> 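This is the structure I have questions about; it appears just below.
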Number of protein chains: 2
Amino acid sequence: MVRAGLTPERLTRAGAELADEVGFDQVTVSALARRFDVKVASLYSHLKNSQDLRTRIALFALEELADRVAAALAGRAGRDALAAFADTYRDYAREHPGRYAATRLRLDPETALASAGVRHAQMTRAILRGYDLTEPAQTHAVRMLGSVFHGYVSLEMAGSFSHTPVDTQESWAWILDSLDALLRSRPRPDPHR
Amino acid sequence: MVRAGLTPERLTRAGAELADEVGFDQVTVSALARRFDVKVASLYSHLKNSQDLRTRIALFALEELADRVAAALAGRAGRDALAAFADTYRDYAREHPGRYAATRLRLDPETALASAGVRHAQMTRAILRGYDLTEPAQTHAVRMLGSVFHGYVSLEMAGSFSHTPVDTQESWAWILDSLDALLRSRPRPDPHR
DNA sequence: GGCATTCACCTAATAGCTTTAGGCATTTGG
DNA sequence: CCAAATGCCTAAAGCTATTAGGTGAATGCC
């Protein structure tokens, strides 16, 4: 009996690839077993269960994306940093749709705290360092940036923009310009609401 | 044999309620049958299959949300309209998380064209009428607004904002103010990229 | 009113995914 | 070199999806 050499790590990686090929929600323990040419039950020595697999893929993708963002951000500030951050996100989603979808998996609080999600938040804040915002505006801005980037990528992936002939690359650039202008405009006062 | 009185409409509505209770991806033909105290196979006279059920729920939710947005938008313009639109979206997601998730279901192009998604796009454009943008900026702005609103709602629902003590209502208002200011700032030139 | 048809729901059966229990063979380490 | 640990397997139960074919109730036509 030739051993397949299964490990949680290899399974996670293969799961990520599978996610990119068939979609994150089609990632199944069975499909993964097939891919290793191994019986389904064998995977349960390495994975707690199906949810565990999905969580591992999510954590893996969060790490990978955080690494890319960190690399892209190195040595940049201001609009440059903003664009680098945003483009990295978008490119990752296009290149690895399944993994990107995985990063949206809802993690339980402790897992989330131990995940690279924390780095993502830190890096988003780091971008704003170039814009001179004070709390709580900085937090508002972090949330806005996260919303725009995630929202755009997610709508673009879902094909929501394909009904209008305007180039999505152009819209992306326009949006980045807008955000940059907005953030540069001033340390804005609190809303009057 | 007492008939349960199943119809596609009742099933869809019950499916939407089920989605709000257990999450859209937990909506299953079996669970729905249980809810009507009927055997699973019976539903297949009214639904093509599981995907059909999900699609119907998505279309239902899109209609419902579009109706609410239309009502909220009536007689408003400018920042008022912007806030009405955004708040309706956000409130709907909070009130009906499962249905909101359903609106994100990827529809095939023809179904999408026949759906209330079209009204959503039209209404987003209508908001911008108060801001004097010309094409292609208007399309860029439509995409940005869609991204921010969807992104914010989706991140907020996922709990991504709950790690920071800043009130999400405050961030929401700040973001609306920012978008309003941005759109009012001018018919912006095309990006230089 | 009686009969045929349609309709609404049912039973039965197949197939796939998930998960647990228990078994045998291979590897490892004292 | 033998014992324990490890890696993968078979078996089995439970749930979901889906199809085929049956039965009784409601409907419509003469």
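Quick note on labels: first sequence line is chain A, next is B, and so on, each numbered from 1. Since the structure is predicted, the reported quantities are computational estimates derived from the model, not experimental observations. Below, each value reflects all heavy atoms present in this structure, side chains not excepted, and no hydrogens, waters or symmetry copies.
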> Just how far, in rounded Å, is C1' of D/dT19 from CG of B/D52?
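Distance, rounded to whole Å: 16 Å.
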> Mind running a 4.0 Å heavy-atom check of residues 35-49 of chain A against DNA chain C and sending the residues that fall below it, in number order?
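Here the set is A/V40, A/A41, A/Y44, A/N49.
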> Within this structure, what is the CZ-to-P distance between A/R54 and C/dC17, rounded to whole angstrom?
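After rounding, the gap between these two atoms is 13 Å.
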> Should side-chain heavy atoms under 4.5 Å link Ile, Leu, Val, Met, Phe, Trp and Tyr, which residues sit in the same cluster as A/V166?
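Hydrophobic cluster check, A/V166: no partners found.
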> Give, ordered by number, those residues of residues 97-106 of chain A having at least one heavy-atom distance below 4.0 Å to an atom of DNA chain C; if nothing qualifies, reply none.
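Those residues: none at all.
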> Quick one: OG on A/S42 to CG on A/L32, what's the gap to the nearest 0.5 Å?
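These two atoms lie 11.5 Å from each other.
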> Please state how far atom CG in B/L32 lies from atom C1' in D/dT18, giving the value in whole angstrom units.
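Computing the B/L32:CG to D/dT18:C1' distance gives 15 Å.
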> Given 3.5 Å as the limit, does a donor-acceptor pair link the side chain of B/Y131 with the main chain of B/R79, or not?
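Present.
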> Within this structure, what is the CD-to-P distance between A/E9 and D/dG7, rounded to whole angstrom?
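Atom CD in A/E9 sits about 12 Å away from atom P in D/dG7.
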> Per the side-chain contact (heavy atoms from CB on, under 4.5 Å) rule, which among A/L128, A/D132, A/I127 passes with A/L183?
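Going through A/L128, A/D132, A/I127 one by one, the side-chain contact (heavy atoms from CB on, under 4.5 Å) with A/L183 is satisfied by A/L128 alone.
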> Is a side-chain N or O of B/R56 found less than 3.5 angstrom from the main chain of B/L11, in a donor-acceptor match?
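Here the side-chain-to-backbone pair does not exist.
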> Roughly, in whole Å, what's the span from CG in B/L53 to C1' in D/dT18?
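Those two atoms, CG and C1', are 14 Å apart.
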> Just to confirm, is there a sub-4.0 Å distance from OP1 or OP2 of D/dT16 to any side-chain nitrogen or oxygen of B/R34?
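So the side chain of B/R34 is within the cut-off, an N or O lying under 4.0 Å from OP1 or OP2 of D/dT16.
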> Using the ring of each side chain (for Trp, its six-membered ring), is B/Y89 parallel, tilted or perpendicular to B/F149, with breaks at 30° and 60°?
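Geometry flag for B/F149 against B/Y89: tilted rings.
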> Please identify which of these residues, A/R94, A/H150, A/E95, meets the side-chain contact (heavy atoms from CB on, under 4.5 Å) condition with A/Y100.
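That would be A/H150; it is the only one of A/R94, A/H150, A/E95 passing the side-chain contact (heavy atoms from CB on, under 4.5 Å) with A/Y100.
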> Check the phosphate of C/dG16 against A/T28, side-chain N and O only, distance under 4.0 Å to OP1 or OP2. Yes or no?
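No, because none of the side-chain N or O atoms of A/T28 sits under 4.0 Å from OP1 or OP2 of C/dG16.
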> C/dT19, C/dC17, D/dT16: which one has an atom nearest the side-chain heavy atoms of B/S30?
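Comparing C/dT19, C/dC17, D/dT16 against the side chain of B/S30, the answer is D/dT16.
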> Would you sort out whether B/T139 and B/R125 count as a side-chain hydrogen bond (donor to acceptor under 3.5 Å, both in side chains), showing the intermediate values?
CA-CA 8 Å; B/T139 296; B/R125 279 209 139 71; 2.5 Å; yes
> To the nearest angstrom, how far is A/L6 atom CG from D/dC9 atom C1'?
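Rounded to the whole Å, the gap is 12 Å.
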> Taking atom types as modelled, is there a side-chain donor on B/D87 or B/W172 under 3.5 Å from an acceptor on the other?
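A pair is found: one side chain offers a donor N or O, the other an acceptor, under 3.5 Å apart.
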> Over how many whole Å does the gap from B/L18 atom CG to D/dT16 atom P extend?
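Rounded to the whole Å, the gap is 11 Å.
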